[in-house]
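The next block holds one structure in the form of structure tokens; read it before the comments.
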2 protein chains.
Amino acid sequence: MSDAPPSLDPVQLGAYFDLIEVTSLLRHAVEQQLRESGDLSYVQFQLLARLGDSPTGSHRMTDLADGVVYSRSGLTYQVGLLEKEGLVVRAPSPDDERSVTVTLTDAGRELLAKVLPGHVEVVSGLLFAPLSHDEVSALAGLLAPVREHMRATPPRSAASRRRKGGA
Amino acid sequence: MSDAPPSLDPVQLGAYFDLIEVTSLLRHAVEQQLRESGDLSYVQFQLLARLGDSPTGSHRMTDLADGVVYSRSGLTYQVGLLEKEGLVVRAPSPDDERSVTVTLTDAGRELLAKVLPGHVEVVSGLLFAPLSHDEVSALAGLLAPVREHMRATPPRSAASRRRKGGA
DNA sequence: TATTGTTATACTCTATAACTATA
DNA sequence: TATAGTTATAGAGTATAACAATA
């Protein structure tokens, strides 16, 4: 079924393992902080943050799904939770009646503001503490092309987003 | 509760976002490959790989839990699944009757071998493709100290592993 | 016919607490 | 008393498929 690369070289293996471990630990810490300070899951935080970044505080469901890598139903579920908490509001889009526009409420903005400092604190203290400013730059410089590459690379067995749902 | 860093500088922010996105996409791709080629979750793969790395093909439950960051019950659950599939075997440890030693079976080793090439292929093609060898070295060099720092930093509100369960 | 989003449903995973047994 | 592990249980999250409505 395969006869190509039997292994990664030691340097690659180290980088790969470190990457997995670092993000795993970081994620864990961040999730805990978000849960404690705002009763938010990481996904919910990402959705709020994304809306907060938007000039209008709004996004269509589809646009949100694109960013947070999700099945449509999963997004509906999460946005439903956020709406139930009064953090966002859903309304039919003006231009396209099929679409739904999600908008951050004042409460949502407040929660975001309440949660952000602690979030930053965790990321700073855990991820950036052992790195100099130049090293952070170097890290960013290395990750950017990888990100671009991944974005451009469709998940091999992707049955296409056009045919099926959205996952 | 906090009055310090209100924000990360742009460079840090970029590095942080890229890190999250890159590992999220990588994880997604890897999980899909593992599911398709061996019907394994990522956690299960990690457990098998960890056992495969051991000279004896064995580990105590506790040692496994330490690496894969888990609650004890979660580990019991996953190892239970693997045992049900005949990929590992559990037996009381010889030296400490309280401990359980988990050992990779031949079937487990075979599955690991069957799944690994595709795994390596995904990681190579997605994570390492856009990086030169030197860049991979640089990446590894940046992540290593971060990993060490995180390992040494107890999760702030960690009620200690001694008092409670293990999470 | 294609796209947007929701619903129903089933399943996987994870965590907490209570419990057993050995050190 | 502390440690190793299991069990019961409950809850969060995710994905699939069927569905409704608009373009």
Side-chain angles (χ1 to χ4, degrees), chain A residues 24 27-28 31-32 34-36 39-47 59-66 68-85 88-102 155 157-167, chain B residues 24 27-28 31-32 34-36 39-47 59-66 68-85 88-102 155 157-167:
Chain A
S24 179
R27 179 91 173 228
H28 228 257
E31 281 183 338
Q32 185 175 321
L34 290 173
R35 185 63 69 187
E36 288 172 358
D39 197 36
L40 288 174
S41 70
Y42 191 63
V43 176
Q44 290 160 4
F45 169 72
Q46 281 183 305
L47 292 174
H59 272 305
R60 297 187 319 151
M61 289 290 283
T62 296
D63 299 333
L64 282 177
D66 283 351
V68 187
V69 181
Y70 246 177
S71 62
R72 294 180 176 286
S73 64
L75 180 62
T76 296
Y77 172 73
Q78 291 294 348
V79 171
L81 292 182
L82 293 176
E83 190 172 41
K84 201 174 296 176
E85 297 298 320
V88 303
V89 178
R90 269 182 290 196
S93 301
D95 43 301
D96 188 335
E97 282 289 324
R98 293 174 302 181
S99 293
V100 167
T101 296
V102 185
S157 73
S160 94
R161 312 172 193 177
R162 285 161 201 158
R163 276 187 186 171
K164 297 175 53 175
Chain B
S24 179
R27 181 90 172 229
H28 228 260
E31 279 183 339
Q32 185 176 320
L34 290 173
R35 185 63 70 188
E36 287 173 358
D39 198 36
L40 289 173
S41 70
Y42 191 64
V43 176
Q44 289 160 2
F45 169 73
Q46 281 183 304
L47 293 173
H59 272 305
R60 295 186 320 151
M61 289 290 283
T62 296
D63 299 334
L64 282 177
D66 283 350
V68 187
V69 181
Y70 246 178
S71 62
R72 294 180 176 287
S73 64
L75 181 61
T76 296
Y77 171 73
Q78 291 293 349
V79 171
L81 291 183
L82 293 176
E83 190 172 42
K84 201 173 297 175
E85 297 298 320
V88 304
V89 178
R90 270 184 289 196
S93 299
D95 43 302
D96 188 335
E97 282 289 325
R98 292 173 304 181
S99 293
V100 167
T101 297
V102 185
S157 75
S160 94
R161 312 172 193 178
R162 286 158 201 158
R163 275 186 187 170
K164 297 175 53 176

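Every chain is numbered from 1, with letters handed out A, B, ... down the list of sequences.
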Inset, instruction - Answer yes or no: does a side-chain N or O of A:R90 lie under 4.0 Å from OP1 or OP2 of C:dG5? - result: no
Legend entry - Side chain B:S71 and base C:dT16 donor-acceptor under 3.5 Å: no
Legend entry - Nearest-nucleotide comparison on DNA chain D, the residue closer to the 5′ end among B:M61 and A:S41: B:M61
Inset, instruction - Mind checking A:S93 for me? I need base, sugar-phosphate or nothing, with any heavy atom below 4.0 Å counting as a touch. - result: nothing
Inset, instruction - Just call it for A:T76: base, sugar-phosphate, or nothing, with non-hydrogen atoms closer than 4.0 Å on any strand. - result: base
Inset, instruction - Go through the N and O atoms of the side chain of B:S73 and the base of C:dT16, and report whether any donor-acceptor pair is under 3.5 Å. - result: yes
Legend entry - Residue A:R98, side-chain heavy atoms: nucleotide from D:dA21, C:dT22, C:dT6 that is nearest: D:dA21
Legend entry - Contact under 4.0 Å: B:R72 side-chain N or O vs D:dT6 OP1/OP2: no
Legend entry - Side-chain heavy-atom pair B:S41, B:E31 within 4.5 angstrom cut-off: no
Legend entry - Under-4.0 Å side-chain N/O to phosphate OP1/OP2 contact, B:T62 with D:dT3: no
Inset, instruction - Would you kindly compare A:L81 and A:E97 by the position of their nearest DNA chain D nucleotide and give the one closer to the 5′ end? - result: A:L81
Legend entry - Spacing of B:D63 atom CG relative to D:dT3 atom C1', expressed in whole Å: 13 Å
